[in-house]
Each structure stands twice: as C-alpha cells, then as structure tokens.
Amino acid sequence: MVTVEDVRRLTSKFPRSSEHLIRDRVKFRVGSIVYVAFSRDETIMGFGFPKEERAALVAAEPDKFLMPSDSDLRFHWVQARMAALDEPEMRELVTEAWRMAVPKKVYAAYLETLR
C-alpha cells in the first residue's frame, strides 16, 4: 500500500509542482491545476486522467479504481483506493497526471534530467 508520503516524495521532484492543504485535504498542483488530491482520511487518491479512458479503467479494475463524484465528472479525473495501489503503479499514475498539467516543454526537460 502506498501513502501520501510516498506521493509527496515523488512529486517533490516535479518542476512547478506544489503541495497545498485545502479544507483538510492534501492536494498537489501545477499553478491552479490540481493533478492529485486525497480524501480527508487519505484512503482515496484522485488524479488527472483522460476522460475518454476512465470508464474502461474503472471497468477493468473496479476494486481499485472509482469514477469521480458527479461534480467532478466534467474534469479529466478518476480515483483510486490507496490500499490497492503498489509503488510502481502509483508512480506511473501520478507522473502521468502531472504530465497532463505541465507544458510539454517542461515535461520534456524533466525527462532529460532522468537520462
């Protein structure tokens, strides 16, 4: 099982990423765009994800992934149960959510630092 601290360690390496506590919920943003947010009890992680792919993701693993609340359906957003995620999967989901929020040149520059 991954924790908010695991996500925090990963996101601290992302350019333009910042952490905020909003209404007792930990959220990670790029500018004003939230790309990861946790439920108050930190058991659910919401993250940026393409709208057109989320129904298939949830249908494929309904014990792990959930559709966002009705008010969030208009956003590129999906949710995951923290207890069902492992470290590599969390890294991929969070990195892709961040990639959706930053300009392409920022993501390309970040990839260069990994080489």
Side-chain angles (χ1 to χ4, degrees):
M1 180 176 111
V2 296
T3 65
V4 172
E5 187 57 38
D6 296 325
V7 174
R8 185 176 285 125
R9 274 192 300 278
L10 174 62
T11 61
S12 69
K13 300 172 186 169
F14 294 158
R16 300 190 186 184
S17 179
S18 59
E19 180 178 343
H20 301 270
L21 187 62
I22 301 168
R23 295 187 188 115
D24 296 326
R25 294 181 61 201
V26 176
K27 297 185 179 196
F28 295 90
R29 300 188 323 197
V30 171
S32 63
I33 300 171
V34 175
Y35 68 93
V36 171
F38 293 92
S39 60
R40 284 184 177 88
D41 64 3
E42 298 179 356
T43 60
I44 302 290
M45 177 180 78
F47 56 96
F49 194 82
K51 280 193 239 183
E52 59 277 357
E53 297 174 22
R54 68 182 172 202
L57 178 73
V58 172
E61 296 186 78
D63 293 337
K64 185 182 293 186
F65 297 105
L66 309 124
M67 291 296 281
S69 64
D70 288 343
S71 62
D72 288 338
L73 283 173
R74 67 180 189 256
F75 300 113
H76 292 274
W77 200 252
V78 74
Q79 297 178 330
R81 291 177 178 88
M82 294 291 285
L85 293 176
D86 62 21
E87 179 86 17
E89 187 170 36
M90 176 278 293
R91 293 179 74 79
E92 180 182 348
L93 296 171
V94 171
T95 301
E96 285 302 305
W98 170 76
R99 181 193 59 78
M100 289 175 61
V102 294
K104 290 178 184 178
K105 66 181 181 179
V106 173
Y107 181 66
Y110 172 75
L111 290 179
E112 288 297 317
T113 67
L114 300 178
R115 292 182 185 189

Same apolar cluster: [X] and [Y], side chain cutoff 4.5 Å:
| X | Y | result |
| --- | --- | --- |
| M67 | F38 | yes |
| V7 | V102 | yes |
| F49 | M90 | yes |
| V4 | V36 | yes |
| F47 | V58 | yes |

Does any non-hydrogen side-chain atom of R16 lie less than 4.5 Å from one of P103?
yes
Taking the six-membered ring for Trp, are F14 and W98 parallel (under 30°), tilted (30 to 60°) or perpendicular (over 60°)?
parallel
Parallel, tilted or perpendicular for Y35 and F28, by the 30°/60° rule?
tilted
Checking [X] side chain against [Y] main chain: does a donor-acceptor pair fall under 3.5 Å?
| X | Y | result |
| --- | --- | --- |
| H76 | K51 | yes |
| R54 | L73 | yes |
| R40 | R25 | no |
| D72 | F75 | no |
| T113 | Y110 | yes |

Does E92, at its CD atom, have more than 12 non-hydrogen atoms belonging to other residues, nucleotides or ligands within less than 6.0 Å?
no
Minimum heavy-atom separation for [X] to [Y], with atom names?
| X | Y | answer |
| --- | --- | --- |
| V78 | L66 | CG2-O, 3.2 Å |
| K64 | A84 | CE-O, 3.4 Å |
| V106 | P15 | CG1-CB, 4.0 Å |
| L21 | D24 | CD1-C, 3.8 Å |
| V2 | M82 | O-CE, 3.4 Å |
| P68 | W77 | CG-O, 3.3 Å |

[atom1]/[X] to [atom2]/[Y] distance, rounded to the nearest 0.5 angstrom?
| X | Y | atom1 | atom2 | result |
| --- | --- | --- | --- | --- |
| S17 | R8 | OG | CZ | 11.0 Å |
| R29 | I22 | CZ | CD1 | 5.0 Å |
| F65 | L57 | CZ | CG | 4.5 Å |

Do you know which of R81, E89, E87 makes side-chain contact (heavy atoms from CB on, under 4.5 Å) with L85?
E89
Applying side-chain contact (heavy atoms from CB on, under 4.5 Å), run through E19 and T11 and close with a yes or a no.
CA-CA 9 Å; E19 180 178 343; T11 61; 5.8 Å; no
